[in-house]
There are 4 protein chains.
Amino acid sequence: MSNGRKKGDHGARRLQIAEATCNVILKAGVERAGIADIAREMGCSTGVLMHYFESKAQMLLYAKNLLFDHVYAAVQAAGAEHSGLEMLHAMAMELVPVDPAAIDRWRVLTAFNGMAIGSPELQKAQASRNARFAKLFSSAIRRLQRAQILPSRLDPFVEGAGIVALVDGIAGQIVMDPRVWPVKRTGELIQRHLHTLLHAPR
Amino acid sequence: MSNGRKKGDHGARRLQIAEATCNVILKAGVERAGIADIAREMGCSTGVLMHYFESKAQMLLYAKNLLFDHVYAAVQAAGAEHSGLEMLHAMAMELVPVDPAAIDRWRVLTAFNGMAIGSPELQKAQASRNARFAKLFSSAIRRLQRAQILPSRLDPFVEGAGIVALVDGIAGQIVMDPRVWPVKRTGELIQRHLHTLLHAPR
Amino acid sequence: MSNGRKKGDHGARRLQIAEATCNVILKAGVERAGIADIAREMGCSTGVLMHYFESKAQMLLYAKNLLFDHVYAAVQAAGAEHSGLEMLHAMAMELVPVDPAAIDRWRVLTAFNGMAIGSPELQKAQASRNARFAKLFSSAIRRLQRAQILPSRLDPFVEGAGIVALVDGIAGQIVMDPRVWPVKRTGELIQRHLHTLLHAPR
Amino acid sequence: MSNGRKKGDHGARRLQIAEATCNVILKAGVERAGIADIAREMGCSTGVLMHYFESKAQMLLYAKNLLFDHVYAAVQAAGAEHSGLEMLHAMAMELVPVDPAAIDRWRVLTAFNGMAIGSPELQKAQASRNARFAKLFSSAIRRLQRAQILPSRLDPFVEGAGIVALVDGIAGQIVMDPRVWPVKRTGELIQRHLHTLLHAPR
DNA sequence: AATGAATGAGCGTTCATTCAT
DNA sequence: GATGAATGAACGCTCATTCAT
C-alpha cells in the first residue's frame, strides 16, 4: 500500500486550476471570470484557489504561460519532425488553430492579449512571447540557410516574425469566425508565403 | 422662438467622451477603465457620461466603432488614390500602424478584441469587422482582375482576408513592441506577399 | 382681446403637476416615481417642476393633500345631501372606492400611507387625516343624536373613528384586489355596521 | 470527516437580518432603508447581507413574510384556544395590535403595503395576504355555522373579509396614533361588529 | 488542507437638485 | 419662464482577499 502521494499534488492542483480558469474565460470572458466562477467550475471553494496562488493576477498569468508553453512545445516538436521548407510549413500549421480545442486555446490567448493593453509589464510579456515564436522560426530558417535551401541574404529573425505575423493574423480571424479559414485554404496561403522566401529579392 | 438652453453639441461631446475613453484604455486597460476614470480624464463628473450614453457598454462600443470607421475610411481613401498592385500596397500600408497615434489606435482595438472573447455578440461584431476589411481588399482585387493585372483564378475574398491577416499580424506585434517592424521592413514584407498574387499556383 | 391671463396659471400648473405625479405613482410606485418620470408624463423638462415646488417632497405632499381634500369634500357633500341614518351610509359609501378612478385615488393614498412609516411628521399628518375623517363622521353622529335617531350614550368620535376604520379596511382590500368587494356587498356590510349604532349596548 | 469551517447558522442569520431590516424601516421608512443602513444596524458589512440574500428585494420580502407568518400563526393559535363567538373575538383581538411590539410589526407591514402600489406582483401578494386572513376567519365562521351558533345564510368568506377589514382599519389608525384605540374600546367595537353576525338580515 | 463567512473598496448607475443659457 | 446639461452623493451589488474554524 504505497500511498506515497502528496508530492506533486501541488503542481497538479495548479494545473487543474489553470484549466478551470481557461474554461471560465472561454464561457464568460476575462473580465467576467471571477474566482468564484473558477471555484464553481472546479467544484471547490474560493479559498482553495488562494492557497495555490498568491492572487488572481498570478492565477491568470500561470494559465496564460501554460497555454503558451503548450503551443510553443507543439510548434517546436513539429519542427523537429520535418526538414526542408516542409519544416517551416509544419511549424506554422501547428501554430494555426485547426480544431476546436486549439481555437479555444487561441481565444484565451486573445483575451490575454487584450488584457496586456494598459499594462506595460504584460505588454512586455506579450512582446517577448512574440519574440520567442519569431526566434523559433528564425532558428529553423537559419538551419535552412545553412543547408542552402533558403538564400543567405534573408534576415532570419525578420522572416520568422513575418511568418508568425501571418499565422497570428489568420488565427485572429479564426478565433472570431472559424468558417473563414478551412485548413486547406490556410495551408495554401502559408505555403505561398513560404515560397516567397525562396526567391526573395535582394 | 423657443427659449431655454442652447442645444449643446451633442455629437461633439460624444466624440470627446470616446476620445477620453480611448486615452484611459491606453493608460489603464479596458478592464480598469471605469467611468470615474473617464470622467476624470475629461475633467467632468461621471453623471455627464450617462447623459450622453445609456451605459458604459454603449460608450465602449461607440469608441470602438469610431476607431474602426476612422481606419476603414483611411484604407478606402488610400485605395482610391492609387491603381495597379500599388493600390493594394497603399491600402495595406494605411492599415498597418506606422506612427504613434496609429499604434495607440490599434492598441485600443486590440483591447476590444480581447474583450470580445466570452461574448458571442462582440465576437460576431469582430468577425464582421474582419469581413468588412477583407471585402475592402477583395473589391480592389476584383478590380485588378478585371484590369487583367491579377489572374482571374484567385478567390478575391480569400486573398483579401489573407492580406488583412498579414497586416493584422504585423500590427499585433507592433502594438506590443513597435521596434520589430520599422516602416521599410513592413513595406517589403507586404510587397513580397502581394507579389505572390501575380504568380499564384493554379 | 383681454389676454388677461397670467394669474392663476401658477396654481393651474401645480395642479397639473400633482395629477402627473399621481399618474406616475400609480404606474411605478412612490419610490420609483422620479422627477424625470413626472416631467416626461407632463411633457416638459424637469426644471419646470422645480420652479413650482421647492423640492420633490413638497410636490408629493401637495399631491397627497389634493387627493385628500378631494375625497374629504366629496364625503362632506354626501353628508349634506342626506339625513337620518342614510346620511352616515351615504358618507361611508362616498369614502369607499367604487369606481376605477376612486380606486386609483386610494392607491396613491395607500402609497403615501406607507411612506409615512419612519417619518414622524408624515405619521402625524396621517393621524390628523384619520382624525379629520373621524370628526366628519362624529359631527354627523352628533347631529343624529340631537335628532334622537341615535342613542346619546354613544361616543360620537369613537363611533366615527369606527366607521372610518371599517371603510378604510374595505378600501385597503379593494386597492389590492377590487373583486373582493362589489358595491352591493360593501353597502350591506356598512349598513349592518351602522345598525349596531342603533342598539348599542349601554 | 469534512474539515473546514462550521456550517454557520444560516437561518438564524437571515432572521437576524430580517429583524434589523424591520428596525431600519421603522426608523427611516422603506424607501430610506438602504442595505448600508441595515448592515450598520446589524453591526456588520454590507457584503454579509448579500451572502444571505440574493438581492435587497428578496431581503425585504423575507422580512415581510416573516412578519406575516408571525401574525398569522398567532391568530390561528388564538382561534384554537377558544370556541363559540368568543373564538372570532379572540382571533380578531390577536390581529389588532395592542402592545408596542405589535404596533411596530403593523407599521412595517403598512410600509410594505405602500410599497406594493405600482408593483403588480407585490399587489397580488398583498391581495393574497388579505385572502389568507379572510380564509382564516371564514373557516372559523363555517365551524360556528356547523355548530349552529351562526346562521347558515351568512357567506363565510365575505364575513371573514369583513372582520379583517374592520381590524385592518383599526390597526391602520393605531399605527399612526395608538391613542385613538385603547384595548377596551377596540374590544367593544369588534364585539359589536361580531354580534351583527348573529342577527344578520336575510 | 480546506472551507465559506466576512470584509470593504469599488463598480455602474440613478436621481434630486443647481444653474448657465 | 423654461430648458436640459451638469453635478455628485447615494444606491444596490460585485468581488478579490482575509481568516477563524
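First the proteins, then the strands, lettered A, B, ... as listed; each starts at 1.
- Using Watson-Crick or G-U wobble geometry with both donor-acceptor distances under 3.5 Å, F:dG12 finds its partner in E:dC11.
- Using Watson-Crick or G-U wobble geometry with both donor-acceptor distances under 3.5 Å, E:dA20 finds its partner in F:dT3.
- Put simply, the side chain of B:Val108 does not reach to within 4.5 Å of the side chain of B:Asp104, judged on heavy atoms.
- Side-chain contact of B:Arg13 with B:Gln16: a donor-acceptor pair under 3.5 Å is present, judged by distance alone.
- The distance from atom CG of B:Leu49 to atom P of E:dC11 is 13 Å, rounded to the nearest whole Å.
- One can place CE of A:Met50 at 9 Å from P of F:dA16, the figure rounded to the nearest angstrom.
- A straight line from CD1 of D:Ile17 to P of E:dA5 spans 11 Å, rounded to a whole angstrom.
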Show each protein N/O and nucleotides 8-11 of chain F N/O combination with a separation under 3.5 Å, one pair to a line.
none

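- Atom C1' of nucleotide F:dC15 and atom CE of A:Met59 are separated by 13 Å, given to the nearest angstrom.
- The distance between atom CZ of C:Arg40 and atom C1' of F:dG4, rounded to the nearest whole Å, is 13 Å.
- The residue among A:His51 and C:Cys44 whose nearest nucleotide of DNA chain F lies closer to the 5′ end is C:Cys44.
- At whole-Å resolution of the value, CZ in D:Phe53 and C1' in F:dT14 are 18 Å apart.
- The residue from A:Arg105, A:Arg129, A:Gln126 that alone fulfils the side chain to side chain contact (heavy atoms under 4.5 Å, CB included) condition with A:Phe68 is A:Arg129.
- D:His10 places its NE2 atom 14 Å from the C1' atom of E:dA6, with the value rounded to the nearest Å.
- Pair assignment for E:dA1: none, as no Watson-Crick or G-U wobble contacts are both less than 3.5 Å.
- Within the structure, the salt bridge (Lys or Arg N to Asp or Glu O under 4.0 Å) test picks out no pair touching residues 51-61 of chain B (sequence neighbours left out).
- Contact check for C:Leu109 versus C:Val175: no side-chain heavy atoms found under the 4.5 Å cut-off.
- Using a 4.5 Å heavy-atom cutoff, the side chains of D:Ile117 and C:Val30 are not in contact.
- Between the OH atom of C:Tyr52 and the P atom of E:dT17 there is a distance of 18 Å, given to the nearest Å.
- Applying the side chain to side chain donor-acceptor pair (under 3.5 Å) definition to pairs two or more places apart or across chains, none involves residues 114-123 of chain A.
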